[in-house]
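What you see is a predicted model; the values in this text were computed from it and never measured. Basis for what follows: all heavy atoms, side chains included, without hydrogens, waters or symmetry-related copies. Residue numbers start from 1 in every chain, and the chains themselves are labelled A, B, ... in the order their sequence lines are given, proteins ahead of strands.
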Amino acid sequence: MADLKKQIIAQLNLKDLKPEDIGDDQPLFVEGLGLDSIDALELIVLLQQEYKIKLANAEEGQSVFRSVRTMAQYITDHQGKSTA
Amino acid sequence: MYIRAAAGISPQSSFEQILADPVPVTGSRLQCMEPDYAKLIDPKMIRRMSRIIKMGVAAAIQCLEEAGERMPDAIIAGTAYGCLGDTEVFLQKMVENDEQLLTPTAFIQSTHNTVAAQIALLLKCHSYNNTFVHRGFSFENAMTDALSLLKDGQMKTVLAGGIDEITDTSHTILKRFGLYKKEPFPAGNIFQTGSKGTIAGEGASFFVLQSEASGNDYAQLTGMDTFYKPASGEEIRQHISAFLERQNINREDIDLVISGENGDMKNDAVYDMVYQTVLSGIAHIPFKHLSGEYPTASAFALWLAANILKAGKLPGGIQTKKTPVTVLIYNHYQHIYHSLYLLAAC
């Protein structure tokens, strides 16, 4: 999950944050890290670029991007599978 | 129309620096001296902003703060190049990723109207918002729009500015086109080269313009005009004479001309001609050794003129018979886009 946190920081240009500043279960959006809908698009691109995982449908995003842990779980479940 | 406040980010840190010890030209590019943006812009917004967006937004915020204005009636920007940095990122990713997996931020921020839009987002300003992208008239048309809105009485306070950046890529490409000097020139002096090419520049200059005098204005903008692709020196002289006539002003009434010499032999010949004819005998200073050349450099000239009139001080050790009260700006970009501004001290 530390690598994933580094990738999120780089992709979203969260310069003031270090990986250890992001809790595994901390919400990524609104009250948590304060990410917004543009960040959600950036995270979708991150999944495709780094892990070759394409979200099957947009509605999945809300649960997949709830926290770093849910993202990591989604990556583990889908790595190596084609969802395109 | 009155210039209530003026703020700029340029290769010079401040007007005081220009008076005391301006940053000299040493190569074919003058880059902006940028402030600590974290002190001016919400950190959450900064992370998505490219350099030109930060420059524009910071200049606008500084300008509004100086004027004590929180909510302008309109935000109007002029830019020729737009957000080059993000455009390059976006195009590079298109190539690298075979036109797939494009990051949205670079695309969204690469449009020309991003600076004016980001200022509005920061202020939560839902008023008139417009950006003019008209090459060497981008800033002039932004100003024309601003002045029209103020003159019509529709609005009382307008934030208007000119912004352009130079990136490593654009500098390399434009240098290849022969726009910038290739050979060395006397240290700090681009005007004695007798050669082709100029110095690349960039900047963000914003102004709070108001229809009524506040009692604490930088200057009054009494007139402005543009003319396009003059066919001859005679046509240039006629345009300048007609402009002064419309302003009910004689040549002798002008205390200072700020003009756009940029070190390019052909470019500067135009200014030599007007100083020998229609503007002869008037004290004059160049400004592009301070800002470099770029399509909205006239915004820097307006910022400089406003500061000269407010401070009553001239850069470069220039002496005039009296403290400047009336200042004319004459600039042209590539001998195509010619502009005139007339300012008076308040």
Find the distance between NZ (A:K52) and CG (B:L101) and round it off to the nearest 0.5 Å.
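Reported value, rounded in 0.5 Å steps: 7.5 Å.
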With sequence neighbours excluded, residues passing ring pair (Phe, Tyr, Trp, His ring centres under 6.0 Å) with B:H112
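Per chain and number, B:H112 pairs via ring pair (Phe, Tyr, Trp, His ring centres under 6.0 Å) with no residue.
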Are more than 12 heavy atoms from other residues, nucleotides or ligands located less than 6.0 Å from atom [atom1] of [X]?
{"X": "B:Y128", "atom1": "OH", "value": "yes"}
{"X": "A:Q62", "atom1": "CD", "value": "no"}
{"X": "A:E59", "atom1": "CD", "value": "no"}
{"X": "B:K175", "atom1": "NZ", "value": "yes"}

Go through the atoms of B:L102 and report whether side chain, backbone, both or neither lie under 4.5 Å from a heavy atom of chain A.
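Contact with chain A is through the backbone of B:L102 alone.
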If you check every heavy atom in residues 33-44 of chain A against those of chain B, which residues fall under 4.5 Å?
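Within residues 33-44 of chain A, the residues under 4.5 Å from chain B are A:L35, A:D36, A:I38, A:D39, A:L41, A:E42.
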Where B:R47 and A:L12 come nearest, the two heavy atoms and their spacing
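Taking every non-hydrogen atom into account, NH1-O, 2.9 Å.
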Please examine the side chains of B:I46 and A:K15, heavy atoms only from C-beta on, and report whether any two atoms are closer than 4.5 Å.
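They are not in contact (no side-chain heavy atoms under 4.5 Å apart), so the answer is no.
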